[in-house]
Amino acid sequence: MKQIESIKEFGGLLNRYEHSSAVCHCTMTFSVYLPPKAETEKVPAVYWLSGLTCTDDNVRTKAGAQRYAAELGIALIMPDTSPRGDEVADESERYDLGKGAGFYVNATQAPWAAHYQMYDYVTRELPALVEAVLPLVPGLKSITGHSMGGHGALVCALKETGAYRSVSAFSPICHPSVCGWGEGCFSTYLGSDRETWKAYDATELVKAGAAEIPLLIDQGTNDEFLAEQLYPQDLQTACEARGFPLTLRRQEGYDHSYHFIATFIGEHLAYHAKALSD
């Protein structure tokens, strides 16, 4: 784990690191914001999973999250969205497949399986690494994300029972098995058997009996991807059928962008900070 950047912000430090990933078999880059409180004691962490085409740089420069993290005394862990490098499989003419579009799954199909193990990276390798090296409370973490990353956050929390104190999402892909983005990536990374896709689909996980954890979702009503890609209504129906705790806030007039995220990121981080302190 090599530190490649450090910037002081709001009394804390925005650091960037790279390391050799044992699960993705390439060099991975991620960012961490450590609040001022981390200078004297260990702090809990909130993981942010970014969306299609993004890296760790998008959220740390556009969301305004560090100000709130400094005030709340929480660390932000911001991984990349896929493996990177010349040896990593890619579809360079597509934005929704390959590099920048890891979808937070463990790929099973060649050539993708060699590197695209983002689920294990986010839920196992990265937490173990940062908790061993940085001033973080081991195991005390929450998770959130946007779009493809919102999908990833929901799936990680639903599959890893007890691993996260809380989960939230902005404009998540709620039912990837039935939308274009999800079908394209799942068929490529996981193969043609749609039953295997359900293991990485929040709506299907709720239907299948995932352990309850309250879900907080913000969705803009003017989101250009709402009708064809996101399907929050499917997740809502699945949750209602089970009595699964879901707070779905439809935010009037907001789109899919970081303008939307920046408006509500403080509320999400306060939500997680409360869960991490209970």
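Between Tyr254 and Phe264, the ring centre distance stays below 6.0 Å. Less than 6.0 angstrom separates the ring centroid of Tyr258 from the ring centroid of His146. For an aromatic pair to be called close, the ring centres must be under 6.0 Å apart, and Tyr121 with His19 satisfies this.
Using a 4.5 Å cut-off on side-chain heavy atoms (C-beta onward), Phe244 and Leu158 make contact. Put simply, the side chain of Tyr119 reaches to within 4.5 Å of the side chain of Glu160, judged on heavy atoms. The closest side-chain heavy-atom distance from Ile173 to Phe225 is not below 4.5 Å. Counting only heavy atoms from C-beta outward, the side chains of His272 and Arg165 never approach each other to under 4.5 Å. Residues Leu126 and Tyr47 form a side-chain contact, since some pair of their non-hydrogen atoms from C-beta on lies under 4.5 Å apart. Side chains of Trp48 and Ile261 form a contact here, defined as non-hydrogen atoms less than 4.5 Å apart. In this structure, Leu226 and Pro232 have side chains that are in contact, with non-hydrogen atoms separated by less than 4.5 Å. At least one side-chain heavy atom of Met1 sits under 4.5 Å from a side-chain heavy atom of Leu129.
Proximity of a side-chain donor or acceptor of His115 to a complementary backbone N or O of Trp112 within less than 3.5 Å is not detected. No donor-acceptor distance shorter than 3.5 angstrom exists from the side chain of Thr221 to the backbone of Arg250, with no hydrogens or angles considered. When atom types are taken as modelled, the side chain of Asp80 and the backbone of Met28 share no donor-acceptor pair closer than 3.5 angstrom. No donor-acceptor pair closer than 3.5 Å links the side chain of Glu224 to the backbone N or O of Asp255. The closest donor-acceptor contact from the side chain of Asp96 to the backbone of Trp181 lies at 3.5 Å or more, if one exists at all. The closest donor-acceptor contact from the side chain of Thr203 to the backbone of Cys174 lies under 3.5 Å. Proximity of a side-chain donor or acceptor of Arg242 to a complementary backbone N or O of Glu212 within less than 3.5 Å is not detected. Looking at Lys159, its side chain does come within 3.5 Å of a backbone N or O of Ala199 through a donor-acceptor pair. Between the Thr81 side chain and the Ser50 main chain, no donor and acceptor come within less than 3.5 Å of each other. Checked by atom type and distance alone, the side chain of Glu228 never pairs as donor or acceptor with a backbone atom of Gly180 at under 3.5 Å.
Within a 6.0 Å sphere centred on CZ of Arg16, other residues, nucleotides and ligands contribute more than 12 heavy atoms. Remark: Glu93 CD is packed, more than 12 non-hydrogen atoms of other residues, nucleotides or ligands lying under 6.0 Å away. The number of heavy atoms from other shown groups lying within 6.0 Å of CD (Gln3) is above 12.
Heavy atoms only, all atoms of each residue included: Leu154 and Ala202 are closest at CB-CB, 3.9 Å. Summarising the geometry of Pro138 relative to Glu131, their closest heavy-atom pair is CA-OE1, 3.5 Å, with the distance given to 0.1 Å. Closest approach of His151 to Pro176, counting heavy atoms only: ND1-CG, 3.9 Å. Nearest heavy atoms, Pro79 versus Ile77: CD-O, 3.4 Å. Considering every non-hydrogen atom in both Pro35 and Ala70, the closest pair reads CB-CA, 3.9 Å.
If you chain together hydrophobic residues whose side chains sit under 4.5 Å apart, Phe103 and Leu235 fall into the same group. Hydrophobic clustering (side-chain heavy atoms under 4.5 Å, transitive across Ile, Leu, Val, Met, Phe, Trp, Tyr) keeps Ile265 apart from Val43. No single ILVMFWY cluster, assembled from side-chain heavy atoms under 4.5 Å apart, contains both Ile217 and Val46. Hydrophobic clustering of Ile, Leu, Val, Met, Phe, Trp and Tyr side chains at less than 4.5 Å, counting indirect connections, unites Leu215 with Ile143. Under the 4.5 Å side-chain heavy-atom criterion for Ile, Leu, Val, Met, Phe, Trp and Tyr, Tyr200 and Leu230 are members of the same hydrophobic cluster.
Among the candidates Val88, Asn106, Thr108, the single residue satisfying the side-chain contact (heavy atoms from CB on, under 4.5 Å) test with Tyr116 is Val88.
For the 3.5 Å distance criterion, the side chains of Tyr189 and Trp197 fail to qualify, holding no donor opposite an acceptor. No side-chain N or O of Asp57 forms a donor-acceptor pair with one of Thr55 less than 3.5 Å apart. For the 3.5 Å distance criterion, the side chains of Ser177 and Asp201 qualify, holding a donor opposite an acceptor.
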